[in-house]
Number of protein chains: 2
Amino acid sequence: MDDKSLKQAGLKVTLPRLKILRLLEESTEHHFGAEDIYRLLNESGEEVGLATVYRVLAHFEHAGLVTRHNFEGGSAVYELKAGGHHDHMVCLETGQVIEFVSADIENIQRGIAESHGYELVDHRFVLFVRPKK
Amino acid sequence: MDDKSLKQAGLKVTLPRLKILRLLEESTEHHFGAEDIYRLLNESGEEVGLATVYRVLAHFEHAGLVTRHNFEGGSAVYELKAGGHHDHMVCLETGQVIEFVSADIENIQRGIAESHGYELVDHRFVLFVRPKK
DNA sequence: CTAATTGCAAAAGCTTTGCAGCGCA
DNA sequence: TGCGCTGCAAAGCTTTTGCAATTAG
């Protein structure tokens, strides 16, 4: 199954790639920094080099398996592209990332791009929020 | 005038701060990296240290004078908060940044945050586009 | 067998920080 | 005068890269 995703993506099936893909698929959390992945794997005895984690994630991104986000804070986070498209809400107090979908947003944005003479390729919509008192 | 903005923001009026604020206000371009500002100032004979540029921008951000964006690519860009609020469209071929406003987007997002039990603090909406053929 | 991938360590950005001296209020 | 700001250089982080050894197909 993992094997298949990798092959379909045109990627050679190697141990580090399988380990990383499995971690991304099996975790309840959906957003990981490279350092997180490195730490989690090594803590569970799966030895993978940090440079490899970065290279694997870059490959996954090119292959369309994951998306890279630059939220706030120094480091990027990666997320498996699975399930439908969604956007993100980041809680400024807890750092928690909530996913949501808005059909309205999806509909509006294409019109905006086109009214400026452009073709929409992708978008990033992030809400920064705080628990309601 | 510049003087006033700084005082209103509760910032001590110093030469580097004035120079940077003037650059941000007078340029037709609206988006600058710290390195850009450093280079532009020094090229026009205004000597300012790079560390100072970073510190001034951080102060400006806290004071609400500028917004910091983490688009793609290694470095952050800053933009003067002036005129109304707007969002951004980044052309993937030319790197050009276009600003736009969408009342619909503005209206929708607050509802989204609240329906999840959060209060909206800020948002980031970026469209990645390509010239229409 | 060949080309791609890995690991390590070193290097490369971008940004922040320590400290001594200078400048604004 | 006193506290905050500046500059420089050094340190810190995240991410990338060179290279020799290893592995997948």
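Below, chains carry the letters A, B, ... as their sequence lines are ordered, and counting in each starts from 1. The figures here come from the full heavy-atom set of this structure, side chains too, leaving out hydrogens, waters and symmetry mates.
Here the side chains of B:Y38 and B:T52 are not in contact, with every heavy-atom distance at 4.5 Å or above. Annotation: side chain of A:L50 is in contact with side chain of A:E35 (closest heavy-atom distance under 4.5 Å). Side-chain contact check for B:H30 versus B:L80: every heavy-atom pair is 4.5 Å or farther apart. Side-chain atoms of B:N42 and B:E46, non-hydrogen and from C-beta on, never get closer than 4.5 Å to each other. Here the side chains of A:R124 and B:F128 are in contact, with some heavy-atom distance below 4.5 Å. Side-chain atoms of B:H69 and B:T67, non-hydrogen and from C-beta on, do get closer than 4.5 Å to each other. A heavy-atom distance below 4.5 Å is not found between the side chains of A:V126 and B:V126. A heavy-atom distance below 4.5 Å is not found between the side chains of A:V66 and A:K81.
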Worksheet item: What does nucleotides 20-25 of chain D look like as a protein-contact string, B for base, S for sugar-phosphate only, - for none, at under 4.0 angstrom between heavy atoms?
Response: ----BS
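Between its opening and closing five pairs, the helix from C:dC1-D:dG25 to C:dA25-D:dT1 changes axis direction by 40°, a value rounded to 10 degrees.
Judged by distance alone, with hydrogens and angles left aside, the side-chain atoms of A:D36 form no donor-acceptor pair with the main-chain N or O of A:F32 at under 3.5 Å. With hydrogens and angles ignored, the 3.5 Å screen pairs a side-chain donor or acceptor of A:S44 with a backbone N or O of A:L41.
Classification of the B:H31-B:H88 ring pair by plane angle, with boundaries at 30° and 60°, yields perpendicular.
When each of B:P16 and A:V77 is assigned the nucleotide of DNA chain D bearing its nearest heavy atom, the one mapping closer to the 5' terminus is B:P16.
Of the residues in residues 54-61 of chain A, those lying under 4.0 Å from DNA chain D by heavy-atom distance are A:Y54, A:R55. Residues from residues 29-48 of chain A that place a heavy atom under 4.0 Å from any atom of DNA chain C, listed by number: A:E47, A:V48.
Under a 4.5 Å side-chain heavy-atom cut-off, the cluster of Ile, Leu, Val, Met, Phe, Trp and Tyr residues that includes A:F125 is completed by A:M89, A:I98, A:F100, A:I105, A:I108, A:I112, A:Y118, A:L120, A:L127, A:V129, B:M89, B:I98, B:F100, B:I105, B:I108, B:I112, B:Y118, B:L120, B:F125, B:L127, B:V129.
Salt-bridge check for A:R130 with B:E119: passed, with a basic side-chain N closer than 4.0 Å to an acidic carboxylate O.
Heavy atoms only, all atoms of each residue included: B:D87 and B:H123 are closest at OD1-NE2, 2.9 Å.
For A:H86 and A:E79, the side-chain atoms include at least one donor-acceptor pair closer than 3.5 Å.
In 5' to 3' order, the nucleotides of DNA chain C bounding all contacts with chain B (an atom under 4.0 Å from a heavy atom) are C:dC14 to C:dA25.
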